[in-house]
Peer 1: 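Mind looking over this structure? Questions follow.
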Amino acid sequence: MNETLNAIFTRSSCRDFDPTPLPREDLAIIAQAGAAAPSGVNAQPWHICVVADADTLAALDAEGLGNMQKAAPEFYARIQSRGGTLFYHAPAIAIVWVCDSYKPGAELLDCGIVTQNMVLAAQSLGLASCICGLANFAFAGERGVALAAKCRAPEGHRFGVSVLLGKANTLAGAHIPDEGKITLL
Ligand SMILES: Cc1cc2nc3c(=O)[nH]c(=O)nc-3n(C[C@H](O)[C@H](O)[C@H](O)COP(=O)(O)O)c2cc1C
């Protein structure tokens, strides 16, 4: 199996990170892999911001959990049962801010491809990742605008999705692809 296929088939979501900071070069190449993603008419309707500052990460995690407890108690209960953190102690998060003015619908597809490029880049570097849509809650409350500014959300952009990055303490392992969802004619 070649390296690309190996990265695809061995990747899995990490929910138990070693909080040790990652080298800046690794974070930079992962973000560049995200920005290399294809997009409709090459619009690149995103801005990728990598946050690796421990205080900012802790503030986002706490704010997200607080907002989630009020707005979505069922998600909050699930997170509590998984250890009570949104970010699982990851030392970095890559946030994909998505451009508001882009064609509704298409921008989220483009964001998703950015995300997949980043998780596969992380995998190829021997790092773990977890796509984190729930980070959205960090920007959903009264402090959301200030926190988005702290995470360098450009004007006219909103939270799209994010990727947690770090070394794994433990990993559940890759899920088995469902062959029943494939038809080869
Ligand atoms: C758009 C999207 C959002 C996700 N958000 C979260 C999240 O907020 N927290 C989390 O722990 N996992 C999140 N995940 C990870 C999924 O739960 C995970 O990909 C799925 O269970 C399959 O497991 P695998 O990634 O190990 O193959 C998200 C995945 C996607 C694609």
Side-chain angles (χ1 to χ4, degrees), residues 1 4-19 30 33-34 37-39 45-46 48-51 57-98 102 104-141 144 147-148 151 157-182:
M1 197 179 292
T4 305
L5 290 172
N6 193 48
I8 290 170
F9 286 117
T10 56
R11 179 216 59 84
S12 68
S13 294
C14 176
R15 298 195 174 90
D16 178 18
F17 287 92
D18 174 346
I30 291 168
S39 57
W46 58 66
I48 302 162
C49 177
V50 182
V51 179
L57 287 166
L60 293 174
D61 200 313
E63 179 71 12
L65 279 176
N67 291 332
M68 184 188 284
Q69 188 174 15
K70 285 181 232 149
E74 69 287 2
F75 279 135
Y76 182 77
R78 194 164 170 206
I79 294 294
Q80 289 307 312
S81 73
R82 281 179 173 169
T85 71
L86 267 187
F87 299 162
Y88 313 112
H89 308 290
I93 183 171
I95 300 170
V96 184
W97 300 106
V98 57
Y102 192 56
E107 84 283 17
L108 288 181
L109 177 57
D110 292 341
C111 256
I113 301 171
V114 169
T115 308
Q116 185 67 0
N117 268 16
M118 291 198 287
V119 300
L120 292 179
Q123 186 71 15
S124 76
L125 293 169
L127 299 175
S129 66
C130 183
I131 297 174
C132 186
L134 294 178
N136 184 38
F137 281 98
F139 307 103
L147 282 170
C151 298
H157 287 60
R158 66 184 187 282
F159 178 88
V161 68
S162 70
V163 180
L164 306 174
L165 297 162
K167 283 201 180 341
N169 274 335
T170 59
L171 264 181
H175 71 261
I176 310 292
D178 181 351
E179 299 285 336
K181 293 183 182 289
I182 301 170

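Owing to the predicted nature of the structure, the values given are computational and were not obtained by experimental measurement. Both ligands and their constituent atoms are indexed starting at 1 by order of listing. This chain uses plain numbering: 1 for the first residue, then up along the sequence.
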Peer 1: Which of the numbered atoms in ligand 1 are below 4.0 angstrom from a heavy atom of Cys130?
Peer 2: 10 (C), 11 (O), 12 (N)
Peer 1: For atom 5 (N) of ligand 1, which candidate among Cys111, Ala172, Gly133 provides the closest heavy atom?
Peer 2: Gly133
Peer 1: Under a 3.5 Å distance rule, please check whether Asn117 uses its side chain to pair with a backbone N or O of Ala33 as donor and acceptor.
Peer 2: yes
Peer 1: So which atom in Gly64 and which in Phe137 form the shortest heavy-atom distance, rounded to 0.1 Å?
Peer 2: O-CB, 3.5 Å
Peer 1: Ignoring hydrogens and geometry, is there a side-chain-to-backbone donor-acceptor pair from Asn67 to Glu63 under 3.5 Å?
Peer 2: yes
Peer 1: What protein heavy atom sits nearest atom 25 (O) of ligand 1, and how far off is it?
Peer 2: Ser13 OG, 2.5 Å
Peer 1: Of all the non-hydrogen atoms in the protein, which one sits nearest to atom 8 (O) of ligand 1, and at what distance?
Peer 2: Leu134 N, 2.9 Å
Peer 1: Quick one: look up the protein heavy atom nearest atom 9 (N) of ligand 1 and list residue, atom name and how far away it is.
Peer 2: Tyr88 OH, 3.8 Å
Peer 1: Looking only at distance, does Ser12 have an N or O less than 3.5 Å from an N or O of ligand 1?
Peer 2: no
Peer 1: What pairs of residues pass the side-chain hydrogen bond (donor to acceptor under 3.5 Å, both in side chains) test when at least one of them lies in residues 161-174, not counting sequence neighbours?
Peer 2: Asp16-Asn169, Asp16-Thr170
Peer 1: Report yes if the side chains of Leu65 and Tyr76 come closer than 4.5 Å at any heavy-atom pair, otherwise no.
Peer 2: yes
Peer 1: Quick check on contacts: which atoms of ligand 1 are under 4.0 angstrom from a heavy atom of Cys132?
Peer 2: 5 (N), 6 (C), 7 (C), 8 (O)
Peer 1: Testing Thr85, Leu127, Leu171, Leu164 one by one against Phe17 for a side chain to side chain contact (heavy atoms under 4.5 Å, CB included), which residue passes?
Peer 2: Leu164
Peer 1: Quick test of your reading of the structure: of Ile131, Val163, Ile176, Leu171, whose heavy atom lies closest to atom 30 (C) of ligand 1?
Peer 2: Ile131
Peer 1: Determine if the distance from atom 20 (C) of ligand 1 to the closest protein heavy atom is below 4.0 Å.
Peer 2: no
Peer 1: Measure from the side-chain N and O atoms of Trp97 to the backbone N and O of Ala148, and report whether any donor-acceptor pair falls under 3.5 Å.
Peer 2: no
Peer 1: Taking the minimum heavy-atom distance to atom 16 (C) of ligand 1, which of His175, Arg11, Arg15 ranks first?
Peer 2: Arg15
